[in-house]
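Notes to accompany the following structure.
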Amino acid sequence: MSQDAIGLTELQQDAFTELVNIGVSRAAASLRTMIGTQVLLSVPSVEIVSRKAAARLIGEREAAPLVVVHQDFEGAFAGRALLIFPQENGRELVRAVAGEELSPDEVAALEDEALAETGNIILNGCLATMANMLQRTLTMSLPGIQRGDGPRIFGTEAGDADSLVLFLYIDFSVSERDIRGYLAMLMDLPSLESLRALVDEFIARALGDLDA
Amino acid sequence: MSGPDETGRIGAEALAAAVAATRHRAGAFLAGLEHSRQPMLISDPRLPDNPVVFANQAFLTLVGYEAAEVVGKNCRFLQGPETDPGAIAAIREGLRAERVVRVTILNYRRDGSRFWNQLLICPIRDEDGRLVNYFASQVDMSHVHEAEAGRTRLADIERRLAEAQRQLSLTLSSAGIAGTWDWDIQAKRLHVDGRFAALTGLTPAPRPGTVPLAPGPLPASAFFTGIHPLDRMRVRLAVSGILGGAEVFDKEYRLLASDGSVRWVHARGRCHFGADGRPARFTGVLVEVTEQKRVEERLRIAQSAGRVGAFEHVPGFATVAASPQFCSLLGLVSARTVAASAVNALVVEGDPPLLAPDQRQEGELPPIETRVRLADSGEVRWLVRRGEAIRDTETSGLRHVGVIYDVTESKRAEVALRELNDTLEARVREAVAERERAEEQLRQSQKMEAVGQLTGGIAHDFNNLLTGIVGSLDLMQTRINEGRTQNLTRYAGLAMASAQRAAALTHRLLAFSRRQPLEARPVDANRLVSSMDDLMRRTLGERVQLEVVVAGGLWLTLCDPNQLENAILNLAINARDAMPEGGRLTIETANAHLDDAYAARDIGVRAGQYVCVSVTDTGTGMPPDVIARAFDPFFTTKPLGQGTGLGLSMIYGFAKQSEGNVKIYSEAGQGTSVKLYLPRYHGEIEVGTEERGEAPRAERGETVLVVEDDSTVRALVVEVLHELGYRTLEAADGPAGLRLLQSASHIDLLVTDVGLPGLNGRQLADQARLVRPQLKVLFMTGYAENATFGNGHLGVGMQMITKPFPVEGLATKIRSIIEG
């Protein structure tokens, strides 16, 4: 099995994708309850890249300004989770959450609050579920909102280019709205290493369970 | 238990009697009947309508009636709207036949609820065998009966379900696509259809054309049956994700059949959650995609080998589905979905965008060539986009499906080629210019060579002539010094002859330079040709036969008759030289009309009417290359020293200066014809008779002002004028002459050189005319500045005389001016 840059085997990567898939499914279920319409989140791929590469990935896909909901997490592994939307998509999501009848002014007024709330549901649901699957616990900080382009979001301007980014491209399908977003987890190397060990345990458990 | 139709009200006494009789007949068993838990009743068929005469407590409990409500009534009160008429008929038939009846019938309780009654009716007879009572027992069979009906229904549903499944399976099978699974997570059981089982090898492959049978419930692990070892871990992880709470299952993997063949399948499934939010069922569809995989693989190889990137884009959507090659062609990190805006943002400003959402018509997308700045390297590359806008089956909107590929190299080649072409042209231009420069230099050097040759030739000729003149004068001087004055005239004649030849030579040179002063006047070419007849016969010799053919009604022409004579003579001499063995020379005159076509062929020739003089010989002729150069100065085919090569060029110069033309027609061995065209003159011929004889002398001692910078010429002219009896004034240049002219001196005539330093002769005359409007002027000129002194351009009272001139000619001119 080949290994990628930071040494995840294909199996580990698959397992990781499944973990995120479980987490995102949970988040989607929560969001579904909140919005009251069909919400489907799916994760086509997971990549582990440098912050710089992540900034580029975002940069070359999204020319428009971005809006980010971020939450820090601590526990068996620590880092910062980011939910990233093109700003327009963010508004669309706010409208989906808060109601179609809102005027643009109202959307603007509610935007940060609604995004923070929605982001919290998605990030929290996702991370908590993952932690649960890994049989660990995480504590999450309160969500924050940030705006800017790729380099700003991933802090490459600050020179903290060393840490790695677990980068996910998520398709949001919210009652036929064209909303797309990205989920990213910023983690340093020791954290990723711990995460990898946990993933190995998860793999052993997953395969063992089925054999049992 | 219904009896014959009720015919009347039963008497209470009769009923009471019947009841008592029945009880009596039961005797000691009556208590048993009353307390039995088996519902029972007894009727009396001997009473009208067979009324009930006994009902035990169990019966009353079953149907919900009081005893009083029951006794005395026919049993039909138990029947209701849905009671089976068949069952009723069966009972009636049994009663009529007085036999035991067993039937299950739907009855109604007092509260309207229904129950299934398993009814037994038995006739009771007395000792004599007469029917006295009917005994009936009822068993509530509802629970049994309902279950049975349910079973029937279930069987029916199952039958229809099986049919539907068979149909579905048939459809899926005939489409060759899919099997389905349903994993009951709680029960750890897997239900799959026949197709799934056949695909994975859970059951043997069905015979072709038959529908594979669904196996019964399987252990959950059967889901992994047949999965290729290399993919098994991956699939198991994904399934564990589902069991752990993931919603979506979407995997492609290989199945390994027992015969070793490998098939690709695509499994798409979903997890269904139970009421407790835990995963309950995992269902999905397994599709064989082996062929699709192959096609995809081929397409992928084709695309990556051809460096072709594919995309799908729904206009208006923010994202584009892209192939890895698409991303790599744009320098993007490979991804299945990219933002349309990001793609178009790479296009160099001003170039057409790669994704054109405004293309709203079905059909081919217009192919475009566009430049993109690669996202990773920033390099600018040329891409071509081709594709189609097709109707999307899902959304009924348009979907743009297309490819892009890199054409930078061919573009570069194109540019290089164009540059090469451009520079080629430039290089050709340069080479041509260089050649032109070289040719110009060659011409220049040829000219210099010609000038050298000319000056050399002229110097040679002139030296000969000067030798004759100087020698004669020398002899004359010696003789005069010695006092021997006889025969002096002979030497003077020799000197004069040499001088005249020198004059002729310079005249020819001027004709060649087309600067000879032409004295054009109306000429009758016929007369001129005829007058030359004698001269020519002597020139041509006896071996050449001369024919002169003159046209009747020949037009006049305007030219210098001396030059025309000279030209004809020259041509005749050339012709003679071309016929060393003799031949015939024909001189012809004719009217000619040169049309536009002729004029177009010869530059400088105007269409119109001309007089043509042709000189034709029967000599050796000229090859084309000689004809082409015949008019070039100094070109001659004659041996060195026999000719200057100026003859034809001089004729050419004369013709051109006279606004005519000259053409040579010749063929080697066939002879030559030279045609000289001179413009027609519309006018009368001047009848001027020149009298030659004594130079006319001054009659009243008129005063003549001579302005000449050459002192010898001035002295000579003044000498001549004194000889003729004129008084003279002299000036060496224009200004000095003008001062005299502006003074009060009496001046009858101004004789002036044209080429004077300071103020030329013409300017001098013009200024003199301001103070002396009637002043008569005679210009002396070595060559004509024809622009000013051409034909007929001289004003009234002005004339011209060409140097060198004979004394007599000068005297005649002066006289005629003064008198005129």
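Each chain gets a letter, A, B and so on, in the order the sequences are listed, and its residues count up from 1. All values below were derived from every heavy atom in this structure, side-chain atoms included, with hydrogens, water molecules and symmetry-related copies excluded.
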Practice prompt. May I have the step-by-step check of side chain to side chain contact (heavy atoms under 4.5 Å, CB included) for B:F249 and A:N21, ending in yes or no?
Written response: CA-CA 9 Å; B:F249 182 88; A:N21 206 354; over 6 Å; no
Does [X] [atom1] have over 12 foreign heavy atoms under 6.0 Å away?
{"X": "B:R373", "atom1": "CZ", "answer": "no"}
{"X": "B:R278", "atom1": "CZ", "answer": "no"}
{"X": "B:R232", "atom1": "CZ", "answer": "yes"}
{"X": "A:E74", "atom1": "CD", "answer": "no"}

Say you draw a straight line from [atom1] of [X] to [atom2] of [Y]; how long is it, rounded to the nearest 0.5 Å?
{"X": "B:K251", "Y": "A:D14", "atom1": "NZ", "atom2": "CG", "result": "6.0 Å"}
{"X": "B:R234", "Y": "A:Q13", "atom1": "CZ", "atom2": "CD", "result": "12.0 Å"}
{"X": "A:E10", "Y": "B:L230", "atom1": "CD", "atom2": "CG", "result": "10.0 Å"}

Discussion item. Need one label for B:F273: side chain, backbone, both or neither, based on atoms under 4.5 Å from any heavy atom in chain A.
Written reply: side chain
Worksheet entry | Residue pair B:G245 / A:S25: nearest heavy atoms and the distance that separates them | O-CB, 3.6 Å
